[in-house]
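Down below is the structure, laid out as structure tokens.
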Number of protein chains: 2
Amino acid sequence: MVVYAGQGDPRRSIELLWRGSVVESRPGPKPGLSVDAIVDAGIAVADEQGIAFSMRAVGERLGRTAMALYTYVPGKNELVDLMYDRTMSELPGAYSLDDGWRPAVTQWAHDMWEFYGRHPWVLQVSQARPVLGPHEFAVIEALAAILVSTGLPGRQLRGIVGAINYFVRGAAQTITEARAAGGATGEADEEWWYARSAVLMELEPELDKKFPMLHVLENDREPIDPSLPYLENDALENFRSGLLVLLDGIEAAVAKP
Amino acid sequence: MVVYAGQGDPRRSIELLWRGSVVESRPGPKPGLSVDAIVDAGIAVADEQGIAFSMRAVGERLGRTAMALYTYVPGKNELVDLMYDRTMSELPGAYSLDDGWRPAVTQWAHDMWEFYGRHPWVLQVSQARPVLGPHEFAVIEALAAILVSTGLPGRQLRGIVGAINYFVRGAAQTITEARAAGGATGEADEEWWYARSAVLMELEPELDKKFPMLHVLENDREPIDPSLPYLENDALENFRSGLLVLLDGIEAAVAKP
DNA sequence: CAGGTTACTTTACGGCGTAAGGAGTGGCAA
DNA sequence: TTGCCACTCCTTACGCCGTAAAGTAACCTG
């Protein structure tokens, strides 16, 4: 299932995202934790365990119980919001337009691709949630800044920003899943994939005849980087060639009246 | 969190997906349920509650306990696999190429768009899982059949199929979320959205200055269909204009040497 | 008609997010 | 200096979840 980020109290979430924690002198024991520390711990845990991490696990990493976190953060949904935005701060806020928009968009897309590879759990946060945090804004702003330089109108740019964003996310998700597949069971992704397709071939030997066009799609394969596992090569190739098509589409839109 | 479909025993999953239930005369009480009935009930429950439906809810809809389902289906993951593939049977298996590939791809994309609107939970099943079931194959086969007619090589087609698929999924997810946003609390999506952006404007009044390019992106808006809610109009417009860019990109690839 | 297989139930376990209440800390007003 | 009380953090507990285990009753086959 999906964690819907942005489901908590909007005011509280947005305050946490934009204000940071305001430190005053206050009665009571000195806080041993902080929102920042909790968000960092959450990211570390999620990098290892995925979005299905538990509040207990985050607390444990900080030497506290799960309930201690609730002093700083309203709940798991809000924590995910904060983690989501925090990780995005790893990404550049602007790209050079010296060589035009095309290399800049390409760089943006590759940066996102690698980012998702570092933090696969980000892809498991609902991708349709509204943009909320400052770093998230900055990432989209960076892409928008590149594309505005094409001179296309807002109406078209919105579609293009969406298309690029969805495409990179989707492509990254295939490679993420390829890596994670064996994760739980410890199988390498190759083995896991072959186990499934072997069973499929056994049960449905005429598969190629039933879906001839899919068979055609399988032609013309050669690894980009032979040191990478098969599925990763595949995902990388699809990412690159799909991105080229998208960029050509933008170029066509720019060239038109 | 994400339900990873295809995490169960591969043989059992694939047998259920491709073989259907084999009926023999057997000792013991007559089965009151069937895999089909369970899958249908699961789809109905998921249409209402999303992917976070419970086995208890599915059982209840059939007048049984949750545990009764385990006689027919190995677990929730496998049930989701079956539900996923079953819903895909709603989609056409082939498209007319009389007017060329472009209208056919457009129709495919719109059919998918509406399909996701009917079954939003499908978008919450990990999008990167390997294709497993016959109807899922058929849907991709239909798209592949259209695109093979362009004469492009497999290498490029794989990227294109991926790009279209990711784009449609992503675009559909935004509208799905727009609809679901108020769902839990009963707010209309408009109100929910405005509540959030109002708080954001209050806390960060200089937002437009901080992210000027995003502000540019907001220009040039007019509703496609004024009877639709604001956010749905937005999503629909982005879907259509993004798709045009993608199609232009394919056209450019076809025109090239 | 017995035996064994099957459908389905009840009960239970270990996980989850988090509500409620209690213990101890330490700044500040009296 | 004292005592209040806001504060952090803990323990306990509740109601969910998926599903393992074991029991009950139905039915086909010998």
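Numbered from 1 within each chain, the chains take letters A, B, ... in sequence-line order.
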Between [atom2] on [N] and [atom1] on [X], what's the gap in Å once rounded to a whole number?
X       : N      : atom1 : atom2 : value
A:Gln49 : C:dG15 : CD    : P     : 13 Å
B:Glu60 : D:dC17 : CD    : C1'   : 14 Å
A:Leu33 : D:dC10 : CG    : P     : 8 Å
A:Asn77 : C:dC16 : CG    : P     : 16 Å
B:Lys76 : D:dT19 : NZ    : P     : 8 Å
B:Met67 : C:dT9  : CE    : C1'   : 10 Å
A:Ile38 : C:dT18 : CD1   : C1'   : 15 Å

Give [X] one of three labels, base, sugar-phosphate or nothing, depending on what nucleic acid heavy atoms sit under 4.0 Å from its own.
X       : value
A:Met55 : sugar-phosphate
A:Thr71 : base
B:Ser54 : sugar-phosphate

Describe, in one word, how the ring planes of A:Phe167 and A:Phe239 are oriented to each other, choosing from parallel (under 30°), tilted (30 to 60°) and perpendicular (over 60°).
parallel
Please determine if [X] and [Y] form a salt bridge, counting it only when a charged side-chain N lies under 4.0 Å from a carboxylate O.
X        : Y        : answer
A:Asp36  : A:Arg86  : yes
B:Glu204 : B:Lys210 : yes
B:Arg158 : A:Glu218 : no

Donor/acceptor link under 3.5 angstrom from A:Arg56 side chain onto base of C:dG17
yes
Looking at D:dT11, D:dT29, D:dT8, which one has an atom nearest to any side-chain atom of A:Pro29?
D:dT8
Nearest heavy atom decides the nucleotide; on that basis, is A:Arg64 or B:Gly75 closer to the 5' end of DNA chain D?
A:Arg64
Nearest-nucleotide wise, let me know which of A:Tyr72 and B:Phe53 is further upstream toward the 5' end of DNA chain D.
A:Tyr72
Counting just side-chain N and O atoms, does [X] come under 4.0 Å of either OP1 or OP2 of [N]?
X       : N      : result
A:Arg26 : D:dT8  : yes
B:Thr65 : C:dT9  : yes
B:Tyr70 : C:dA7  : no
B:Lys30 : D:dC28 : yes

Within 45 degrees of the ring normal and closer than 6.0 Å to the centroid, is that where the cationic atom of B:Lys76 sits relative to B:Tyr70?
no
Result for 5'-nearest mapping on DNA chain C, choosing between B:Ala68 and A:Pro74, is B:Ala68
Pick the closest DNA chain C nucleotide for B:Gly32 and for A:Pro27 by heavy atoms, then say which residue is nearer the 5' end.
B:Gly32
